Structures are given as structure tokens and as C-alpha cells.
**Q** 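For reference, the structure I am asking about is given below.
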Amino acid sequence: MFDILMYLFENLVHSGSEFRVDHDELADELVRAGFHHDEIYKALAWVEKLAALKETDSTPYLSRVTVPNSTRVYTPEEQMRLDVQCRGFLIFLEQVKVLDISTREMVIDRTMEIESKEFCLEDLKWVILMVLFNVPGKEWAYEQMEDLLFEVQEGPLH
């Protein structure tokens with residue numbers, strides 16, 4: 001499923017368009033690219049939910065009371081998907097203002113929907129980029145994340 005998401009994202013970024021889902025057209029293109037129907041429909045559902053982030057209120061991603069310097073507590077399922085490196089990277093991105101509370105929660109939500117046994121920090125970076133690409137007003141954050149993704153870093157970022 002993640003391979004399909006990457007395929008779609010790379011093609012959409014180069015075309016300059018946003019995530020829009022026309023199931024039949026995309027499914028046909030993905031079948032021609034060699035992907036299986038089951039995974040295609042899972043990926044399209046994921047993209048559809050991502051596209052819906054633009055139209056929805058971000059309130060569900062925020063707690064009722066936000067406290068400065070509060071700590072995000074991860075559920076056991078989230079800890080299994082997001083290892084220490086991933087969680088540390090999310091904290092780092094919040095500190096440098098690439099992610100805010102709302103976009104962090106969007107990233108976690110979209111990450112938890114990905115069916116992959118070998119999810120890693122590099123995969124998380126792509127999910128973050130996909131979320132930022134699709135959220136209006138996050139162009140600066142998208143550019144910063146793009147720089148972090150494609151720059152070769154020496155040593156840990158956080």
C-alpha cells in the first residue's frame with residue numbers, strides 16, 4: 001500500500017496538482033503500473049481521507065484545552081507503529097515549527113492507517129510531506145520538510 005501512495009504522490013507532485021480521487025481513472029492507472037486491486041483500493045481510501053483533511057475542521061485533531069509545553073502521550077498501537085526515532089522526529093519538527101499540534105495529529109492519524117509491517121522514519125517523512133502538501137497554508141512547512149527529506153544530513157537531526 002505504501003508503494004502505491006509513493007507512486008501517487010510522486011506523480012502528483014510533478015504534475016503540480018493536489019490529491020484528488022477519481023477511483024476509476026486512478027485504479028486503471030495503478031493496475032497498468034503493476035499494483036494489485038486490494039492494495040489499490042486501500043491506498044485510494046487513504047488518499048481520500050487525506051484529501052478530506054482540506055475540507056474538514058482541524059478541531060478533531062486538537063485537544064479541547066491546549067497547554068504550552070504539553071507532552072503528547074502515544075497509545076501502545078502508536079508506539080508500535082512510530083518507533084523512538086519517529087516520535088523524536090515529530091518532536092523535532094514541532095520545535096522547528098514545521099508541524100503544529102494539528103498537523104502532527106493529522107500525520108499520526110494518516111500513519112496509523114498505513115498497512116505496512118516495516119514502517120520506518122523515512123516512510124514517516126514521506127507521510128509528513130504528503131500531509132503538508134495537502135493542507136492549505138502550509139507551503140513554508142512543506143518546503144522546510146522537503147529540504148529535510150532530500151538533504152543529506154551528517155549525524156542525528158534531533
Side-chain angles (χ1 to χ4, degrees), residues 1-13 15-23 26 39-151 153 156-158:
M1 177 178 151
F2 195 73
D3 290 337
I4 296 170
L5 295 174
M6 291 300 300
Y7 176 86
L8 289 172
F9 184 67
E10 288 174 1
N11 286 318
L12 289 170
V13 167
S15 71
S17 63
E18 297 172 350
F19 280 120
R20 292 195 180 102
V21 179
D22 177 349
H23 283 282
L26 282 176
E39 296 299 309
I40 290 171
Y41 292 110
K42 289 176 190 175
L44 291 179
W46 190 94
V47 170
E48 201 169 69
K49 288 179 183 177
L50 176 65
L53 293 177
K54 183 182 289 186
E55 283 86 35
T56 61
D57 181 14
S58 63
T59 305
Y61 297 100
L62 303 174
S63 64
R64 300 225 184 268
V65 179
T66 55
V67 180
N69 301 321
S70 61
T71 301
R72 169 61 155 86
V73 178
Y74 291 86
T75 66
E77 294 84 14
E78 291 169 341
Q79 289 180 28
M80 287 179 61
R81 172 58 50 100
L82 298 165
D83 64 15
V84 173
Q85 276 190 314
C86 292
R87 294 190 307 266
F89 191 69
L90 289 172
I91 291 169
F92 166 74
L93 291 179
E94 282 184 79
Q95 291 172 343
V96 297
K97 308 288 188 229
V98 170
L99 293 179
D100 56 25
I101 295 169
S102 180
T103 52
R104 178 200 63 211
E105 292 304 310
M106 291 175 188
V107 167
I108 293 169
D109 178 68
R110 293 295 75 227
T111 299
M112 296 307 293
E113 294 278 328
I114 293 176
E115 294 180 8
S116 172
K117 293 178 182 173
E118 298 177 6
F119 194 81
C120 65
L121 179 58
E122 290 305 310
D123 297 340
L124 176 67
K125 290 177 182 180
W126 284 104
V127 171
I128 294 166
L129 205 59
M130 288 182 224
V131 167
L132 293 174
F133 178 75
N134 201 59
V135 176
K138 298 296 180 187
E139 292 79 13
W140 177 86
Y142 177 85
E143 290 174 13
Q144 295 301 113
M145 186 60 213
E146 200 172 36
D147 288 345
L148 289 172
L149 184 65
F150 296 118
E151 281 183 1
Q153 299 291 326
L157 285 175
H158 51 280

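Residues: numbered from 1 along the sequence shown. If you're wondering where the values come from, they're calculated on a predicted model, not measured in any experiment.
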**Q** Under the side chain to side chain donor-acceptor pair (under 3.5 Å) rule, collect the residues that match up with D100, sequence neighbours excluded.
**A**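 Result, side chain to side chain donor-acceptor pair (under 3.5 Å) vs D100: T103, K138.
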
**Q** Going from SG on C120 to CZ on F2, what distance comes out if it is rounded to the nearest 0.5 angstrom?
**A**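 If we round to the nearest 0.5 Å, C120:SG and F2:CZ are 7.5 Å apart.
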
**Q** Does the side chain of L124 come within less than 4.5 Å of L90's, by heavy atoms?
**A**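 Contact flag for L90/L124 side chains = yes.
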
**Q** Sequence neighbours left out, what passes side chain to side chain donor-acceptor pair (under 3.5 Å) with E139? Give chain and number order.
**A** none

**Q** Please work out whether the ring planes of F9 and Y142 are parallel, tilted or perpendicular, with thresholds of 30° and 60°.
**A** perpendicular

**Q** Between R87 and Q79, is any pair of side-chain heavy atoms under 4.5 Å apart?
**A**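 A side-chain contact exists here, since the closest heavy-atom pair is under 4.5 Å.
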
**Q** Give, for atom CZ of R110 and atom CD of E105, the distance between the pair rounded to the nearest 0.5 Å.
**A**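 Spacing of CZ (R110) from CD (E105) equals 13.0 Å.
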
**Q** To the closest 0.5 Å, what do you measure between CG (L99) and CZ (F89)?
**A**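 Atom-to-atom, L99:CG and F89:CZ are 8.0 Å apart.
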
**Q** My understanding is that only residues two or more places apart in sequence, or in another chain, count here; which of them pass side chain to side chain donor-acceptor pair (under 3.5 Å) with E94?
**A**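 Scan of E94 (side chain to side chain donor-acceptor pair (under 3.5 Å), adjacent residues dropped) gives R104.
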
**Q** State which residues pass side chain to side chain contact (heavy atoms under 4.5 Å, CB included) with M112; sequence neighbours excluded, sorted by chain then number.
**A**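 M112 satisfies side chain to side chain contact (heavy atoms under 4.5 Å, CB included) with E77, E78, R81, I108 once adjacent residues are dropped.
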
**Q** Only counting residues at least two apart or in another chain, list the ones meeting side chain to side chain donor-acceptor pair (under 3.5 Å) with E118.
**A** none

**Q** Within this structure, what is the NZ-CG distance for the pair K49 and N134, rounded to the nearest 0.5 Å?
**A**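 That separation rounds to 14.5 Å.
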
**Q** Got a second to check how far L121's CG is from D83's CG, nearest 0.5 Å?
**A**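 Reported to 0.5 Å precision, the distance equals 7.5 Å.
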
